[in-house]
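The structure appears below as structure tokens.
Read the numbers this way: they start at 1 and go in the same order the structure lists the ligands and their atoms.
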Amino acid sequence: MKKYYLTAAAAIFLTGCGAEDQSDVNENQNNNMSEEEPENNEADNVQEENDEEAEVNDDSSEEEESQAAVIAHRGASGHAPEQTMPALEKAIEMNADWLELDIQMTSDGELVAFHDDEIDRTTDGEGEIGDHTLDELKELDAGSWFNEEYPDQADESFEGVEILTLEEIFEEFGDSENYYIETKSTYLNEDMEEPMVELIEEYGFDESGNIIIQSFHQDSLEEIKELNDSIPLVQLLWWEVDEETGEMEEWLDITPAPDDMTEEDFAEIAEYADGMGLHLEYYDGTEVIDESFVQTARDEGFEVHVYTINEEEDMDRLLDWGVTGLFTDYPDRMQNVLEERE
Ligand code: G3P
Ligand code: CA
């Protein structure tokens with residue numbers, strides 16, 4: 001099982017996301033504890049030796065923690081049709097740490113992995129996803145669009161691939177994989193939180209640490225926290241420039257502009273969320289966050305994940321800034337960058 005050890009409150013859920021064994025962590029912690037409190041009659045040089053050893057342990061854990069999480073955005077969606085089985089399988093082949101999925105509801109209340117509110121872009125159907133039953137959606141071809149859009153990456157096997165339910169994905173990969181799921185467009189997908197949490201609990205992923213829930217919608221995250229407070233939550237943020245005022249504003253008014261955020265603003269999010277999902281650039285390429293903001297968010301105790309980063313140069317720069325994870329359509333590129341930094 002690929003495992004990410006969580007502490008419910010601190011939710012250090014993505015740092016140290018390499019395959020670290022919990023027994024090693026416990027061992028180190030126990031060692032450190034015993035080293036911090038030696039018997040009173042021990043010689044000073046023994047204390048010094050222990051202090052040095054503890055320092056080495058601290059350094060190694062810092063090193064492990066510097067490995068950021070590779071979050072496969074909609075699967076390895078740069079290589080295969082987003083949110084479909086080929087994209088998930090490629091992400092797994094590329095050793096992604098997390099499979100990122102957008103979740104919406106069908107008209108008959110099923111949870112499916114799908115990004116857009118309309119099905120037109122990525123299937124041969126049309127209209128809103130929430131106006132279709134699961135049976136209707138299952139008839140659609142969710143793969144051929146990719147071959148047409150990206151002929152260089154085209155693959156006959158993508159033709160006719162299906163939209164997947166969240167349950168099918170859990171069933172297929174179980175606790176061998178980690179799922180970073182988003183409650184999408186909650187103004188359309190009303191009441192998706194309860195069945196989502198029930199499904200997660202059915203699979204035991206709330207206990208096992210295989211799940212993170214993210215959302216742009218604060219009330220959705222707060223509702224999930226009320227339903228089950230052991231699931232790590234990430235508040236997604238999107239800042240944009242208001243055309244009338246020229247000011248940078250958060251899309252759903254969750255926070256002020258990054259530069260104007262106060263300790264109170266961070267504390268408000270910390271009441272329910274463990275991490276922040278941020279974007280690097282506005283549409284015109286203007287960067288909305290910088291190293292100092294990332295550091296502040298880290299100092300305030302948040303995991304910091306940035307979406308959606310596909311260029312290796314940006315990945316490297318953001319890792320230098322101290323982010324703890326990156327959403328990417330190309331998990332293979334991020335693996336290259338991480339390898340080069342080792
Ligand atoms: O979930 C992080 C990122 O995926 C948010 O953007 O539109 O791709 O869901 P979007
Ligand atoms: Ca998403």
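Within Glu182, OE1 is the N, O or S atom that lies nearest to the Ca ion (ligand 2). For Asp102, the N, O or S atom with the smallest separation from the Ca ion (ligand 2) is OD1. When you scan the N, O or S atoms of Glu100 for the one nearest the Ca ion (ligand 2), you land on OE2.
Under the 30°/60° scheme for interplanar angles, the aromatic rings of Phe302 and Phe266 are found to be tilted. Using cut-offs of 30° and 60° on the angle between ring planes, the pair Tyr282 and Trp238 is tilted.
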Query raised in the report: Going through the distances and angles, do Asn310 and Arg333 end up as a side-chain contact (heavy atoms from CB on, under 4.5 Å)?
Result: CA-CA 8 Å; Asn310 289 331; Arg333 293 184 188 171; 4.2 Å; yes
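Each of the following atoms of ligand 1 lies closer than 4.0 Å to a heavy atom of Arg74: 7 (O), 8 (O), 10 (P). Using a 4.0 Å cut-off to heavy atoms of Phe327, the atoms of ligand 1 that qualify are 1 (O), 2 (C). Ligand-side atoms of ligand 1 in range of Gln214: 1 (O), 2 (C), range being under 4.0 angstrom from any heavy atom. Distances below 4.0 Å separate heavy atoms of His115 from the following atoms of ligand 1: 7 (O), 8 (O), 9 (O), 10 (P). Under a 4.0 Å criterion applied to the non-hydrogen atoms of Lys184, ligand 1 contributes the atoms 7 (O), 9 (O), 10 (P).
Nearest protein neighbour of atom 4 (O) of ligand 1, counting heavy atoms only, is His73 NE2, 2.8 Å.
Using a 4.5 Å heavy-atom cutoff, the side chains of Arg341 and Leu319 are in contact.
In terms of polar-atom proximity, defined here as any N/O pair under 3.5 Å, Asp102 does make such a contact with ligand 1.
For the 3.5 Å distance criterion, the side chains of Ser208 and Asp175 fail to qualify, holding no donor opposite an acceptor. Under 3.5 Å, the side chains of Glu201 and Asn228 contain a donor-acceptor pair of N or O atoms.
Annotation for Glu194: atom CD does not count as buried by contact number, only 12 or fewer foreign heavy atoms lying within 6.0 Å.
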